[in-house]
2 protein chains.
Amino acid sequence: MKIKCDSELFKINEKLYPCSTSITMDYIGGKWKTVILYHLIDGPKRYNELKKTMPVVTERTLSLQLKQLESDGIVNRKVYTTKPPLKVEYSLTDFGISLIPLLKNIAEWGNKIAEQKAKIIKVEDIKK
Amino acid sequence: MKIKCDSELFKINEKLYPCSTSITMDYIGGKWKTVILYHLIDGPKRYNELKKTMPVVTERTLSLQLKQLESDGIVNRKVYTTKPPLKVEYSLTDFGISLIPLLKNIAEWGNKIAEQKAKIIKVEDIKK
DNA sequence: CGGGATCCTGCATGATACTG
DNA sequence: CAGTATCATGCAGGATCCCG
């Protein structure tokens, strides 16, 4: 496969990308998207399940990122109830599934760093 | 390999990461780092070579990103002259080289999107 | 339960000019 | 040539409160 990054730019929906890597980063970049997606690899998760496994993110941000992932066609949002308490499940679309090898790659590289340099912190120790 | 992302956090240099994916994203995230690194896969490049192949980035930003990549141990900066005109070459360190498979992965996924949806724009058409 | 509304802050990035 | 200095800005993300 030939991937060009010189003297040509990509244009998708009026946005310019200087390199195909920046297209990918636009889809999964940011502080939380890869984390969310990584958690969805195992299967569908409810909003609250995601929140619990990601104790640091705020509800607003989690909600916003999920919306973006949904509008990018990467995750699916399915509502199971019409009246409160609501049940909403998020899952990967086929398009999102195509990201799994990449997500695992990203996690593995980060994990190598973690093994060398990171200290493990328990969630309970941060809760204020 | 087992990669944990629940109920534990990683701490590296006083920074907290909720998942190993976010460690990776901290190293190569942002708008330009993957683009720079992707261009360095072929071998060392001078500052101006990088600038020419990335016509949209400003000098300031390119410079800042290179500094960060350097301080993260991902790229190497080598100065060849003491007096102007300067010659400075950037290259991947061994640590940076360990990113190459991941970078190619990222580029390939983005390239699939590009093939389906992107219009190709010539650099000349943007220059003001 | 699963968010939305509002307000706010910091940081990533840009524009422009200048320099060893 | 390879940057730095200065100033400006937009937007990602946080804090808090509210709602069907």
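If you're wondering where the values come from, they're calculated on a predicted model, not measured in any experiment. Below, chain A is the first sequence line, B the second, and so on; all start at residue 1.
Among the atoms of the strands shown, none is found under 4.0 Å from any heavy atom of B:Tyr80. Across all strands, A:Arg46 comes closer than 4.0 Å only to sugar-phosphate atoms, never to a base (heavy-atom distances).
The distance from atom CD of B:Glu89 to atom P of D:dG3 is 12 Å, rounded to the nearest whole Å. With rounding to whole Å, A:Leu64 atom CG is found 14 Å from D:dC11 atom P. Between A:Glu59 atom CD and D:dC18 atom P there is a gap of 14 Å when expressed in whole angstrom units. Distance, B:Lys87 NZ to C:dG20 P: 24 Å, rounded to whole Å. Nucleotide D:dC18 holds its P atom 20 Å from the CG atom of A:Leu86, rounded to whole Å. One can place NZ of B:Lys31 at 9 Å from C1' of C:dA12, the figure rounded to the nearest angstrom. To the nearest angstrom, P of D:dC11 lies 12 Å from CD of A:Gln68. Taking atom CZ of B:Arg60 as the reference point, atom C1' of D:dG3 lies 13 Å away to the nearest angstrom.
Taking 4.0 Å as the cut-off between side-chain N and carboxylate O, A:Glu89 and A:Lys45 do not count as a salt-bridged pair.
Checked by atom type, the side-chain pair B:Thr24/B:Thr21 shows no donor-acceptor distance below 3.5 Å.
Proximity of A:Tyr90 to the phosphate of C:dG3: a side-chain N or O atom is located under 4.0 Å from OP1 or OP2. At the phosphate of D:dT4, OP1 or OP2 sits under 4.0 Å from a side-chain N or O atom of B:Lys67. Between A:Gln65 and D:dA12, a side-chain N or O to OP1/OP2 separation shorter than 4.0 Å is absent. At C:dG4, one or more side-chain N or O atoms of A:Ser63 fall inside 4.0 Å of OP1 or OP2 (strictly under the cut-off). Checking the phosphate oxygens (OP1, OP2) of D:dG13, no side-chain nitrogen or oxygen of A:Thr58 falls inside 4.0 Å.
Of the residues near DNA chain D, A:Gly30 and B:Val88, the one whose nearest nucleotide (by heavy atom distance) lies more toward the 5' end is B:Val88.
Checked against C:dG2, D:dC1, C:dG14, the side chain of B:Val57 finds its nearest nucleotide in C:dG14.
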Please test B:Tyr90 against B:Asn76 for side-chain hydrogen bond (donor to acceptor under 3.5 Å, both in side chains), starting from the C-alpha separation and ending with a verdict.
CA-CA 6 Å; B:Tyr90 291 92; B:Asn76 218 286; over 6 Å; no
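Between B:Ile36 and B:Met54 the shortest side-chain heavy-atom distance falls below 4.5 Å.
A side-chain donor-acceptor contact under 3.5 Å links B:Tyr47 to the backbone of B:Glu59.
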